Amino acid sequence: MPELPEVQTIAADLNEVVGGAVIEAAAVGCPNIVAGDPAALARLVTGRAIRSVERMGKWVRFNLEGPQGAAALLAHLKMTGQFHLGSWPGKSWEKHDHAAFRLRGRPAGADTLFYRDIRKFGRLRAFELPELEEFLAQLNQ
């Protein structure tokens, strides 16, 4: 499992690379890595801009903003989770890529942010802002 400094570095690197990008499409290839409904996660993040990426404990938090309001995408990397850029997968996914977020305005070959996890221990979770506040309150109890 990545330690706090590693999660901080990952979040800072992601913020530099994808901060400000708009998610124009999202897909989940492995429903087990999503806490909740994978289709709901895709609907919630699509059309929103990544305002910033930050570390929240051992979670990577994508702060999202769009016409629908503020939201957040949380990623817990667990042991082997990671992010990388590539091309939109279409029908053909790489073996360990489990979620894809297509970013508007990115160069070909680097227009999609993938969540990869060899062991499938990591989790993705999306929230509207009020739901996130409830989730965080539960964590702190």
Side-chain angles (χ1 to χ4, degrees), residues 1-90 92-141:
M1 178 178 300
E3 296 300 324
L4 290 177
E6 293 169 290
V7 178
Q8 178 65 42
T9 300
I10 292 165
D13 289 348
L14 284 168
N15 191 53
E16 284 185 31
V17 174
V18 301
V22 175
I23 300 171
E24 64 180 21
V28 175
C30 177
N32 295 343
I33 59 116
V34 175
D37 178 21
L41 178 139
R43 282 191 306 273
L44 192 138
V45 303
T46 299
R48 287 190 159 109
I50 301 171
R51 190 177 61 224
S52 64
V53 184
E54 62 187 2
R55 179 184 66 79
M56 187 181 75
K58 288 196 176 183
W59 294 84
V60 175
R61 177 179 172 170
F62 294 80
N63 296 303
L64 308 175
E65 188 67 51
Q68 320 91 309
L73 173 66
L74 300 182
H76 200 300
L77 305 176
K78 296 290 182 172
M79 294 178 72
T80 58
Q82 54 189 244
F83 287 96
H84 71 96
L85 292 171
S87 296
W88 185 250
S92 157
W93 288 70
E94 292 291 324
K95 184 174 182 181
H96 299 296
D97 288 345
H98 303 305
F101 304 93
R102 188 171 199 169
L103 306 174
R104 185 178 305 144
R106 299 274 314 165
D111 66 347
T112 303
L113 180 66
F114 288 94
Y115 175 74
R116 171 180 285 168
D117 193 344
I118 294 169
R119 298 184 75 183
K120 298 182 188 174
F121 290 159
R123 290 291 173 264
L124 298 176
R125 192 165 184 168
F127 297 91
E128 297 284 355
L129 220 46
E131 296 169 328
L132 176 61
E133 292 168 5
E134 290 174 25
F135 175 73
L136 295 176
Q138 290 173 358
L139 286 179
N140 292 327
Q141 291 179 357

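What you are looking at is a predicted structure, and each value in this text was computed from that prediction instead of being measured. Basis for what follows: all heavy atoms, side chains included, without hydrogens, waters or symmetry-related copies.
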For this session: Answer yes if the side chains of D97 and H84 hold a donor-acceptor pair under 3.5 Å, and no otherwise.
Result: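 Yes - a donor-acceptor pair under 3.5 Å links their side chains.
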Exercise. Does the side chain of S52 come under 3.5 Å of the side chain of N15 through a donor N or O and an acceptor N or O?
Worked result: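 No pair is found: no donor N or O on one side chain lies under 3.5 Å from an acceptor on the other.
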What distance do [X] atom [atom1] and [Y] atom [atom2] have between them, rounded to the nearest 0.5 Å?
| X | Y | atom1 | atom2 | value |
| --- | --- | --- | --- | --- |
| I118 | Q82 | CD1 | CD | 6.5 Å |
| L14 | R61 | CG | CZ | 15.0 Å |
| K95 | W93 | NZ | CH2 | 16.0 Å |
| E24 | L103 | CD | CG | 8.0 Å |
| F101 | R48 | CZ | CZ | 13.0 Å |
| R123 | N32 | CZ | CG | 7.0 Å |

For this session: Decide yes or no on side chain to side chain contact (heavy atoms under 4.5 Å, CB included) for L73 and L41, but give the supporting numbers first.
Result: CA-CA 8 Å; L73 173 66; L41 178 139; 3.8 Å; yes
Under 3.5 Å, side chain of [X] to main-chain N/O of [Y], donor-acceptor pair present?
| X | Y | value |
| --- | --- | --- |
| H98 | D117 | yes |
| R43 | P38 | no |
| R104 | G47 | no |
| T80 | R119 | yes |
| E6 | E3 | yes |

Problem set entry | Any N63 side-chain heavy atom under 4.5 Å of E65 side chain |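 With C-beta onward as the side chain, the pair stays apart.
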Exercise. Got E94 and F114 here, is their nearest side-chain heavy-atom distance under 4.5 Å?
Worked result: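 No, their side chains stay 4.5 Å or more apart.
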For this session: Decide yes or no on side chain to side chain contact (heavy atoms under 4.5 Å, CB included) for V45 and F62, but give the supporting numbers first.
Result: CA-CA 10 Å; V45 303; F62 294 80; over 6 Å; no
For this session: Give the intermediate values and the outcome of side chain to side chain contact (heavy atoms under 4.5 Å, CB included) for residues I23 and L64.
Result: CA-CA 9 Å; I23 300 171; L64 308 175; 4.2 Å; yes
Problem set entry | side chain to side chain contact (heavy atoms under 4.5 Å, CB included) between D111 and R102, intermediate numbers included | CA-CA 6 Å; D111 66 347; R102 188 171 199 169; 3.4 Å; yes
For this session: Please report the C-alpha distance between F83 and Y115 in whole Å, then the side-chain angles of each, then the deciding distance to 0.1 Å, and finally whether the ring pair (Phe, Tyr, Trp, His ring centres under 6.0 Å) criterion is met.
Result: CA-CA 5 Å; F83 287 96; Y115 175 74; 5.4 Å; yes
